[in-house]
Structure formats: C-alpha cells, structure tokens
Number of protein chains: 2
Amino acid sequence: MNKKRLALLEARARILKAMAHPTRLFIMETLSQREACVCKLSEMIGADISTVSKHLTVLKNAGIVLDEKRGSQVFYNLRCPCILDFFDCVETVIKTATEAQIKLARALPASCGGFKKSRL
Amino acid sequence: MNKKRLALLEARARILKAMAHPTRLFIMETLSQREACVCKLSEMIGADISTVSKHLTVLKNAGIVLDEKRGSQVFYNLRCPCILDFFDCVETVIKTATEAQIKLARALPASCGGFKKSRL
DNA sequence: AAAACATTTGGCGAACTGCCCAAAAAACCA
DNA sequence: TGGTTTTTTGGGCAGTTCGCCAAATGTTTT
C-alpha cells in the first residue's frame with residue numbers, strides 16, 4: 001500500500017467517521033431539506049445545545065457542512081447533498097444483513113436467547 | 001425524532017462506522033476485485049494477522065463482507081460492491097474541503113504556521 | 001452598560017477503539 | 001498422534017468519543 005493510496009483512504013475514512021453517528025446523520029438529512037441554526041437543530045434532536053454544536057463542528061471539520069453566521073445565529077447547510085444518495089446501497093446492506101441475523105437467531109436454541117418463530 | 005427513524009439512523013451509522021477506517025476501506029476495495037483470505041490481506045496491509053482478522057470481524061458484523069471457510073483458510077468477499085460507488089461523492093467533499101483548508105491556511109499569518117503562497 | 005439570546009469551548013467520567021502480543025481453536029499433513 | 005498452518009480470541013495499554021454541565025464569547029436589545 002503506497003503513501004498516496006493510504007492518504008486517500010485516510011481522507012475517505014475521515015469523512016465516513018464524521019458521518020458515523022445517528023445524530024449527525026439526522027443533521028445531514030435535515031440540512032438537505034433546508035439550512036438550520038444550532039438551536040433549531042438541538043430542539044429537533046432533543047439534546048443539549050452544546051452537544052449539537054460539537055456534532056456540527058465534527059461535520060464542519062470534515063467539510064460536510066458549511067456554516068454562515070447571520071446576526072447572533074449560525075446557519076448550517078449541507079455542502080454536497082449527493083452524499084446522501086449513498087444510502088440506497090447502505091439500505092440494501094442493512095436489509096440483507098438483518099435478514100441474515102434473523103436467520104441466525106432462529107437457528108439458535110431458545111436457551112441462548114434465540115427468537116421464536118412466532119415472534120418474527 | 002420518532003423511534004423508527006432513530007432505528008434507521010442507528011443502522012446507517014453502524015454501517016458507516018464499520019467502514020470508517022483506512023485498513024477496512026483497503027480491505028473493501030481489495031475484496032471488490034476478488035475474494036481473499038486473511039493471511040493474504042494481512043500480507044498486503046502489513047499489519048498483524050490478528051489485527052486484520054478483527055477488522056474483518058467488524059466488517060462481517062456490519063454485514064459488509066461475507067466469509068466462507070475452505071479448508072484451514074477463511075475467504076472473505078464483499079457482499080454489495082455498490083457500497084464503493086459512494087466514494088465519487090465523498091471525493092468531491094474531500095476535494096472541496098481540501099481547497100477550503102488551503103484557502104484558510106493561506107489567509108493565516110506565517111507566525112501561525114500558515115502556508116506561504118509559493119509553497120502551494 | 002446591563003440583560004437576554006445564540007453559540008462555542010473546556011472539563012470530567014464512562015464507554016469504546018485499535019494495536020500488539022500471547023494463547024486457544026480449527027484444519028491439514030506426515 | 002504430533003507438528004504445522006491459518007484464524008480467532010483475550011488481555012492490556014494508550015488514545016478517542018460522547019454526553020452533560022459550567023463557563024466564556026459574541027450579538028442584539030433595552
């Protein structure tokens with residue numbers, strides 16, 4: 001693995017890592033509709049404003065969102081909405097992986113916490 | 001944010017988190033070409049076999065790769081190669097984000113470690 | 001200038017990650 | 001059976017993440 005290739009993989013990993021949190025995905029989806037300020041987002045999310053601000057910083061540092069100060073508020077928006085297209089494929093993975101898990105769970109004896117057929 | 005939506009976001013985040021490591025991205029790219037066993041992969045990566053095995057476990061648990069035991073070896077392959085298409089967009093983010101960083105760096109005074117124009 | 005509002009930053013604890021090493025499992029060969 | 005190969009698992013250490021709270025910063029209003 002040469003240096004250049006590694007640098008590219010590291011750059012990709014940084015983006016993915018920045019996205020890899022439910023709250024941050026929620027923010028991205030929300031911002032893909034329209035820009036929003038921190039307080040609006042934290043109201044929707046139901047977490048502390050400081051927590052949401054830090055999530056936004058993570059997204060900003062990764063170059064995923066842009067911020068624009070207007071008055072006392074800071075409005076964020078998604079730099080590249082195409083980033084969400086990707087989830088069509090992710091959903092496929094989730095679906096097939098889930099089905100595999102269920103199959104696995106069915107195969108387990110009840111004593112190991114396996115699901116009963118009737119519960120699925 | 002309702003329960004169902006949260007569950008979906010968590011599922012997406014799990015996938016992204018599993019992908020968010022340079023070594024695991026390398027594995028995914030490699031497996032998109034052809035299946036490979038653990039020892040072959042760790043030879044390519046240059047890390048301890050146990051480390052690579054754990055990375056593969058992460059990818060497997062996320063449903064991203066499938067494993068198949070043949071003799072004493074375990075061959076892994078990518079469940080859903082479309083998962084790599086996504087990087088066209090990620091690359092755009094990396095590119096524009098990098099450009100923004102450079103612009104930022106240029107704007108910094110040299111005393112803060114800002115780049116000189118001639119160096120870019 | 002003081003009060004009110006919006007946001008960011010710092011700090012702390014709990015939980016998680018990633019790496020290496022050593023040991024255990026599993027399959028094969030002689 | 002004993003030895004070799006391949007892979008997984010467990011332990012320990014250093015570093016990171018995430019959430020809340022408190023405090024600081026910046027902006028607008030009175």
Side-chain angles (χ1 to χ4, degrees), chain A residues 1 6 9-28 30-31 34-77 104 112, chain B residues 1 6 9-28 30-31 34-77 104 112:
Chain A
M1 182 152 41
L6 182 61
L9 293 177
E10 282 171 348
R12 286 178 174 182
R14 267 194 298 281
I15 304 277
L16 290 170
K17 208 170 168 185
M19 294 173 71
H21 190 286
T23 299
R24 294 198 287 267
L25 290 176
F26 176 86
I27 290 171
M28 290 175 66
T30 304
L31 297 183
R34 68 186 75 252
E35 63 169 21
C37 62
V38 185
C39 63
K40 186 72 187 278
L41 287 168
S42 62
E43 182 197 318
M44 286 192 258
I45 292 162
D48 197 282
I49 295 179
S50 72
T51 300
V52 174
S53 173
K54 280 178 186 172
H55 281 305
L56 285 163
T57 302
V58 171
L59 291 173
K60 188 171 109 179
N61 288 339
I64 295 169
V65 301
L66 295 169
D67 61 333
E68 188 188 332
K69 184 150 194 168
R70 291 210 293 277
S72 65
Q73 287 168 292
V74 179
F75 289 86
Y76 283 88
N77 56 75
L104 211 68
C112 295
Chain B
M1 184 155 38
L6 182 61
L9 293 176
E10 283 171 347
R12 286 178 173 181
R14 267 194 297 280
I15 305 277
L16 291 169
K17 207 171 169 184
M19 294 173 71
H21 190 286
T23 299
R24 294 199 287 268
L25 290 176
F26 176 86
I27 290 171
M28 289 174 66
T30 304
L31 296 184
R34 68 185 76 249
E35 64 170 21
C37 63
V38 184
C39 61
K40 186 71 187 278
L41 286 168
S42 63
E43 182 196 319
M44 286 192 258
I45 292 162
D48 197 282
I49 295 180
S50 73
T51 300
V52 174
S53 173
K54 280 179 186 172
H55 282 305
L56 285 162
T57 302
V58 171
L59 291 172
K60 188 171 108 179
N61 288 339
I64 295 169
V65 302
L66 295 170
D67 61 333
E68 187 188 331
K69 184 150 197 168
R70 290 211 293 278
S72 67
Q73 287 167 293
V74 179
F75 290 85
Y76 282 87
N77 55 76
L104 212 66
C112 295

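All values below were derived from every heavy atom in this structure, side-chain atoms included, with hydrogens, water molecules and symmetry-related copies excluded. Numbers restart at 1 for each chain; the letters A, B, ... are given by sequence-line order, proteins then strands.
- Separating the CG atom of A:Leu41 from the P atom of C:dA6 is a distance of 14 Å, rounded to the nearest angstrom.
- Checking each of A:Ile64, A:Asp67, A:Leu41, A:Thr23 against A:Leu56 for a side chain to side chain contact (heavy atoms under 4.5 Å, CB included) leaves exactly one that passes, namely A:Leu41.
- When all heavy atoms of B:Ser42 and B:Cys39 are compared, the pair lying nearest together is OG-O, 3.2 Å.
- Between the CD1 atom of B:Ile27 and the P atom of D:dT7 there is a distance of 12 Å, rounded to whole Å.
- Here the P atom of nucleotide C:dT17 and the CE atom of B:Met19 are 17 Å apart, to the nearest Å.
- At a threshold of 4.0 Å, the pair A:Arg70-A:Glu68 counts as salt-bridged, since one of the basic side-chain nitrogens sits closer than that to a carboxylate oxygen.
- Although no hydrogens or angles enter the test, the distance criterion places a donor-acceptor pair under 3.5 Å between the side chain of A:Thr30 and the main chain of A:Phe26.
- Taking the charged nitrogens against the carboxylate oxygens, B:Lys40 and B:Glu35 have no contact shorter than 4.0 Å, which rules out a salt bridge.
- Between B:Tyr76 and D:dT6 there is no side-chain polar atom (N or O) within less than 4.0 angstrom of OP1 or OP2.
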Worked check of side-chain contact (heavy atoms from CB on, under 4.5 Å) between A:Met19 and A:Arg24: CA-CA 6 Å; A:Met19 294 173 71; A:Arg24 294 198 287 267; over 6 Å; no
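- Atom C1' of nucleotide D:dG19 and atom CD1 of A:Ile45 are separated by 13 Å, given to the nearest angstrom.
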Residue pair A:Phe75, A:Asn77: steps toward the side-chain contact (heavy atoms from CB on, under 4.5 Å) verdict: CA-CA 7 Å; A:Phe75 289 86; A:Asn77 56 75; 5.7 Å; no
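- Distances shorter than 4.0 Å separate some side-chain N or O of B:Lys17 from OP1 or OP2 on C:dT17.
- Taking atom CG of residue B:Leu25 and atom C1' of nucleotide C:dG18, one finds them 15 Å apart after rounding to whole Å.
- Among the nucleotides C:dC20, C:dT7, C:dG18, the one closest to the side chain of A:Cys39 is C:dT7.
- Residues from residues 62-74 of chain A with heavy atoms under 4.0 angstrom of DNA chain C, sorted by number: A:Ser72, A:Gln73, A:Val74.
- Comparing C:dG18, D:dT7, C:dT8 by their nearest atom to the side chain of B:Val38 picks out D:dT7.
- With the nearest nucleotide of DNA chain D identified for both B:Phe75 and A:Asp48, B:Phe75 has the one nearer the 5' end.
- Between the CZ atom of B:Arg24 and the C1' atom of C:dG18 there is a distance of 9 Å, given to the nearest Å.
- The minimum heavy-atom distance linking A:Ala13 with B:Leu25 is given by the pair N-CD1, 3.6 Å.
- Shown for residues 49-60 of chain B: residues whose heavy atoms fall under 4.0 angstrom of DNA chain D, namely B:Ile49, B:Ser50, B:Ser53, B:Lys54.
- Between B:Ile15 and B:Ala62, the shortest heavy-atom contact is CD1-O, 3.4 Å.
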